[in-house]
There are 2 protein chains.
Amino acid sequence: METNPIKILIADDEPDIIEIISYHLLKAGFEVFSAKDGSEAIEKAQIHTPDCIILDIMMPKRNGFEVCEYLRSNKQFDKTLIVLLTALNDEESHIKGLELGGDDFVNKPISPKVLVSRISALFRRIQPSATDNKVIQVRDLTIDPSQYKTILNGVTHVLAKKEFELLFLLAAQPGRVFLRNEILSQVWGNDVIVGDRTIDVHVRKIRVKLGIECITTVKGVGYKFDY
Amino acid sequence: METNPIKILIADDEPDIIEIISYHLLKAGFEVFSAKDGSEAIEKAQIHTPDCIILDIMMPKRNGFEVCEYLRSNKQFDKTLIVLLTALNDEESHIKGLELGGDDFVNKPISPKVLVSRISALFRRIQPSATDNKVIQVRDLTIDPSQYKTILNGVTHVLAKKEFELLFLLAAQPGRVFLRNEILSQVWGNDVIVGDRTIDVHVRKIRVKLGIECITTVKGVGYKFDY
DNA sequence: GCCAAGGTTATCAAATTGTTAACTAAAAAT
DNA sequence: ATTTTTAGTTAACAATTTGATAACCTTGGC
């Protein structure tokens with residue numbers, strides 16, 4: 001899976017702030033852009049479509065509130081996190097910032113580490129859960145657990161639940177041999193007791209339905225996905 | 001869709017804090033539960049499965065960090081927002097709280113209005129699809145949630161509320177299989193207990209009313225929209 | 001040939017879903 | 001206020017699909 005780095009734009013009129021925060025963001029693995037005022041922030045945002053924008057509220061040209069409002073009126077930045085940063089420590093600004101669509105509001109002075117930590121927490125929350133089912137793609141075979149769907153060469157093959165789960169288990173680690181015991185505990189669960197031939201029968205059904213040799217028998221050991 | 005109020009659990013050993021924050025949360029339309037220590041927080045969390053938990057860090061029995069860690073080790077609370085609240089104002093706690101899985105970390109004293117505002121911002125961010133009422137258009141089928149209206153091939157079909165909500169849920173992510181549990185919690189809500197056949201009956205009504213094969217059964221798993 | 005391991009098939013039981021009708025509660029109409 | 005309509009739910013039963021097993025077959029090694 002393609003793992004482009006997460007892009008963050010930081011807009012502040014104090015070069016020192018930009019420098020120190022950029023440093024910490026880079027160290028945390030983000031890709032960083034910067035802007036020195038509100039207008040530049042909008043320009044850079046349009047160019048790079050960052051995943052997160054850190055906005056100082058008091059900036060020349062256009063202040064943070066204005067930039068935030070502009071971004072939120074644009075569908076392009078729907079999913080862009082906005083972190084507002086300010087030396088003002090008043091309740092009104094705080095609430096205003098959040099109501100304009102800010103995702104976080106942080107008072108200066110702020111430890112760069114804490115800021116990075118907060119941003120990471122936001123990303124963690126909005127990212128689709130890591131436990132989400134992942135699509136397996138091998139040559140012309142697609143196995144999609146979120147749809148319980150197996151597509152071979154453009155044709156959808158409908159597998160029953162157990163068949164699908166068995167295939168998915170094996171295909172998740174192509175080449176690896178799964179012992180019969182492993183297969184039983186993963187697909188059937190630990191407390192279920194089924195007979196010796198059950199796995200074989202299911203393997204057969206998969207072979208028949210897909211019509212390809214994708215599950216290899218390893219005699220005396222188990223089965224592996226090999227395609 | 002499901003319009004049950006958002007549930008928030010607040011855990012703090014100072015009754016005054018609970019009272020004032022509860023007041024503001026209730027005023028903002030949330031349903032509020034409270035706990036006076038860490039153990040009670042966990043109990044109440046298990047009973048009510050709140051959408052957000054506000055945890056004071058310094059509490060008797062189990063402190064906020066411990067509760068946070070416990071919640072995060074439980075899949076049941078995957079999607080539960082955790083806001084950590086503390087009078088300690090040190091960088092280490094702040095980072096620790098976020099790394100343990102907290103979604104926000106707020107220093108006391110905090111204006112209740114600001115706190116509510118922050119929580120609302122978090123919900124706004126994580127529930128983008130829950131609030132957006134987008135029209136779904138697939139071939140000659142239009143599903144318009146703003147009007148609770150389904151148009152197939154120019155003809156308007158009137159679906160009842162639950163029928164419509166079920167169809168909309170599935171159609172919002174075509175192809176994706178929704179487990180029966182997911183459907184129940186999305187359309188009927190977490191607290192409602194309905195019988196096994198209820199979903200089937202509603203699916204049938206949709207099928208009959210629309211007269212097309214748009215909902216596919218995935219036996220042993222759930223249903224998906226496929227048209 | 002004999003044995004062990006796996007393959008194949010048919011069959012039956014169990015699980016799951018589909019269908020219909022009836023009941024209840026709420027909303028709308030009279 | 002009463003009746004009528006509608007939506008939602010449930011129960012009972014039918015239909016279907018899936019899963020498991022037994023029985024038998026095939027293959028390869030010794």
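Here is how names work: the chains are called A, B, and so on, in the same order as the sequence lines, proteins then strands, and each is numbered from 1.
A:Leu184 has its CG atom 12 Å from the C1' atom of D:dA20, to the nearest Å. One atom, CG of B:Asp200, and another, P of D:dA11, lie 14 Å apart when rounded to the nearest Å. Rounding to whole angstrom units, CD1 of residue B:Ile215 and P of C:dT17 are separated by 14 Å. In this structure, the CZ atom of B:Arg204 is 17 Å from the P atom of D:dT9, given to the nearest Å. One atom, CD1 of A:Ile199, and another, P of D:dA22, lie 15 Å apart when rounded to the nearest Å. When rounded to the nearest whole Å, the span between CZ of A:Arg180 and C1' of C:dG6 equals 7 Å. The distance between atom CD1 of A:Ile206 and atom P of C:dG6, rounded to the nearest whole Å, is 16 Å. When the C1' atom of D:dG19 is taken as reference, atom CG of A:Asp196 falls 16 Å away, rounded to whole Å.
A:Phe178 has its ring centre no less than 6.0 Å from the ring centre of A:Tyr223.
In this structure, A:Val208 and B:Val203 both approach DNA chain C, and ranking their closest nucleotides by distance from the 5' end singles out A:Val208.
The side chain of A:Thr217 places no N or O atom within less than 4.0 Å of a non-bridging phosphate oxygen (OP1 or OP2) of C:dA5. Put simply, A:Tyr223 has no side-chain N or O that comes within less than 4.0 Å of OP1 or OP2 on C:dA5.
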Short N/O separations, protein against nucleotides 13-16 of chain D, under 3.5 angstrom:
from, atom 1, to, atom 2, distance (Å)
D:dT16, O2, B:Lys219, NZ, 3.1

Return the polar atom pairs (N/O with N/O) between nucleotides 6-8 of chain D and the protein under 3.5 Å, or none.
from, atom 1, to, atom 2, distance (Å)
D:dG8, OP1, B:Lys162, N, 3.2

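Residue A:Phe164 is classed as having no contact, given no heavy-atom separation below 4.0 Å to the nucleic acid.
Side-chain atoms of B:Glu213 and B:Tyr227 form no donor-acceptor pair, as typed in the model, at a separation below 3.5 Å. When only modelled atom types and interatomic distance are considered, A:Glu165 and A:Tyr148 share a side-chain donor-acceptor pair under 3.5 Å.
Shown here are the side-chain contact (heavy atoms from CB on, under 4.5 Å) partners of A:Val192, two or more places apart in sequence or in another chain: A:Trp188, A:Val194.
Salt-bridge check for A:Arg125 with B:Asp103: passed, with a basic side-chain N closer than 4.0 Å to an acidic carboxylate O. The residues A:Asp226 and A:Arg176 are annotated as not salt-bridged, no charged nitrogen and carboxylate oxygen being separated by less than 4.0 angstrom. The existence of a salt bridge linking B:Asp104 and A:Arg118 is confirmed by a sub-4.0 Å separation between a basic side-chain nitrogen and an acidic carboxylate oxygen. Ionic pairing of B:Lys149 and B:Asp144 is not present here: no N-O contact between side-chain nitrogen and carboxylate oxygen is shorter than 4.0 angstrom. A salt bridge is absent between A:Arg72 and A:Asp78: the closest approach of a Lys/Arg side-chain nitrogen to an acidic carboxylate oxygen does not fall below 4.0 angstrom.
Of the listed nucleotides (C:dT17, D:dT21, D:dT9), D:dT9 has the atom at the smallest distance from the side chain of B:Val201.
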